[in-house]
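What follows is one structure encoded as structure tokens, with my remarks underneath.
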Amino acid sequence: MSYKTGRMGMAEGIALVFVLTIPRLFLTAPAEVVDAAGPIGWLIPLFSSITPLIAFWLLVYVLMQTAGDDLFTAAQHFLGPIVGFGIGLFYAVMFLLNAAILLRQFAENTLLTALPLLEFSTAVGLYVLVAAIVIYASIEGLSRAAYIILPFGTVAIIISLLLLFPFYNFYHLFPWQGKGLGTLFKSSILLSGANIGVIALAILAPSFQNLRTIKIAGLFGLGGVALLRTASTLAFVMIFGCGAGREKTLAFFEMVRLVNLSRYLQRVEALFILLWVIVGVLAIAANLYVGMYLITRLFNLPALRPIIPIVCLLIAQIAMIPDDITDVIQLAREFNIIYMNVGLYAIPFLLFIAAFIRRRKRRAGACTAES
């Protein structure tokens with residue numbers, strides 16, 4: 001069947017996690033964490049990456065019990081075909097809706113920052129068209145393209161943060177407890193849903209070399225993104241503080257605009273927008289691919305490529321439903337806290353319990369047979 005891709009290695013896995021989990025750094029995530037926990041909110045990206053890693057490790061344990069099958073097959077194996085179908089459908093809808101939300105946000109922000117005279121529907125159409133072309137090249141091609149972009153993106157973010165050093169005001173970090181440590185930990189758990197992209201490694205498990213590749217890709221991919229998001233949010237707090245920071249909808253763009261190297265080298269945000277658009281397109285494409293892969297598995301379709309135009313057209317229409325960007329931001333926040341956290345915590349824990357009980361019963365049966 002053509003939806004079965006080739007073998008991907010550790011580098012492709014890390015890059016896939018990178019493009020699935022970092023996009024919100026370029027959107028409203030820094031303002032959200034400052035609003036949630038105050039000056040200490042810069043620690044939320046770090047803490048909110050720990051619990052997704054635990055959930056991911058539970059899924060790795062589940063996959064170990066099924067000899068390397070994917071999450072959908074494991075769910076059917078341990079919870080039955082009907083519940084397994086429901087779990088697969090849940091993740092398919094979640095990744096597709098996440099693609100629609102990212103599509104709308106990146107299209108809106110392109111109009112706000114670079115192309116204010118462009119027609120809104122044209123911006124949405126261009127994003128989804130490029131994403132469809134990327135998907136057509138398969139997840140292997142998408143991940144390798146992301147792997148090429150990964151070092152340039154990481155270096156660009158680090159250089160941007162270093163160039164912003166003259167604007168850092170360390171007094172903005174006080175009071176260091178912000179709204180309290182209790183609020184910090186609660187907000188970290190609630191906002192962890194933004195890291196659900198790491199679950200894609202379990203969904204696409206047969207595409208990787210082995211479970212060790214998946215484990216290392218999840219650890220380094222999510223860990224690297226957590227460090228970049230933590231450093232960027234720390235810089236954001238030191239530059240804008242809590243009061244002004246809560247009002248910034250494009251936090252990283254606002255920071256890069258401050259960079260002024262010399263009289264002849266200004267407005268470096270124009271270069272940054274290129275990176276920003278590339279990461280956005282890859283993130284939309286990766287979410288669309290995971291959703292379509294699950295649809296193909298759920299309905300036992302022989303190929304994925306024929307449904308690409310239909311699904312992309314549907315997602316573009318869904319992306320244009322909200323009235324304005326304020327509604328989209330509110331929708332993204334609720335989607336993150338409610339829907340994604342179910343996929344991040346409840347389902348992996350349920351599968352782990354089922355796999356653990358099945359393993360205990362199998363061991364007890366083996367001991368009884370030997371005696």
Between D324 (side chain) and D327 (backbone), is there a donor-acceptor pair under 3.5 Å?
yes

Parallel, tilted or perpendicular: ring planes of Y168 versus F170, cut at 30 and 60 degrees:
perpendicular

Residue pairs passing the salt bridge (Lys or Arg N to Asp or Glu O under 4.0 Å) test where at least one lies in residues 141-162, sequence neighbours excluded:
E12-R144, E140-R144

Would you say that L222 contacts P52 through its side chain, given a criterion of any heavy-atom pair below 4.5 Å between the two side chains?
yes

Sequence neighbours left out, what passes side chain to side chain contact (heavy atoms under 4.5 Å, CB included) with V328? Give chain and number order.
R104, Q105, P322, I325

Whether over 12 other heavy atoms sit under 6.0 Å from I82 CD1:
no

For F220, does the CZ atom have more than 12 heavy-atom neighbours from other residues, nucleotides or ligands under 6.0 Å away?
no

Would you find a donor on one side and an acceptor on the other, under 3.5 Å apart, between the side chain of N98 and the backbone of N287?
no

Applying ring-ring contact (aromatic ring centres under 6.0 Å, His included), run through F240 and F236 and close with a yes or a no.
CA-CA 6 Å; F240 294 112; F236 176 73; 5.4 Å; yes

Candidate pair F106 and W276, rule ring-ring contact (aromatic ring centres under 6.0 Å, His included), full reasoning
CA-CA 9 Å; F106 276 97; W276 180 55; 5.7 Å; yes

For the residue pair F85 and F299, categorise the inter-ring angle as parallel (less than 30°), tilted (30 to 60°) or perpendicular (more than 60°).
perpendicular

May I ask you to check whether over 12 heavy atoms, not counting those of Y147, lie within 6.0 Å of atom OH?
no

Name the residue from L89, L96, V290, V93 that meets the side chain to side chain contact (heavy atoms under 4.5 Å, CB included) definition with I295.
L96

Decide ring-ring contact (aromatic ring centres under 6.0 Å, His included) for F26 and F253; before the verdict, give the C-alpha distance in whole Å, the side-chain angles of both, and the deciding distance to 0.1 Å.
CA-CA 7 Å; F26 303 132; F253 176 76; over 10 Å; no

Test item: T122 side-chain N/O and L118 main-chain N/O as donor-acceptor pair under 3.5 Å:
no

Parallel under 30°, tilted from 30 to 60°, perpendicular over 60°: which one fits the rings of Y289 and Y293?
parallel

Kindly indicate whether a cation-pi arrangement holds for R305 with Y136, taking the cut-offs as under 6.0 Å to the six-membered ring centre and within 45° of the axis.
yes

Any pair counted as side chain to side chain donor-acceptor pair (under 3.5 Å), so long as it reaches residues 244-255, sequence neighbours left out:
D35-R246

Residue among L351, L350, L344 satisfying side chain to side chain contact (heavy atoms under 4.5 Å, CB included) with I347
L351

Residues that A132 engages under side chain to side chain contact (heavy atoms under 4.5 Å, CB included), provided they are two or more places apart:
I308, C312

Heavy-atom pair of closest approach, residues G41 and A37
CA-CB, 3.8 Å

State which residues pass side chain to side chain contact (heavy atoms under 4.5 Å, CB included) with A194; sequence neighbours excluded, sorted by chain then number.
R24, R229, N336

Check the hydrophobic clustering (I, L, V, M, F, W, Y; side-chain heavy atoms under 4.5 Å; chains of links allowed) and say if M64 and L204 are grouped together.
yes

F349, CZ atom: more than 12 neighbouring heavy atoms under 6.0 Å
no

Has the side chain of S187 got a donor or acceptor atom that lies under 3.5 Å from a matching backbone atom of L184?
no

Those residues that, when tested against M10, pass side chain to side chain contact (heavy atoms under 4.5 Å, CB included) (two or more places apart):
I14, T213, I216

Is it true that a side-chain atom of D70 and a backbone atom of A202 form a donor plus acceptor pair closer than 3.5 Å?
no

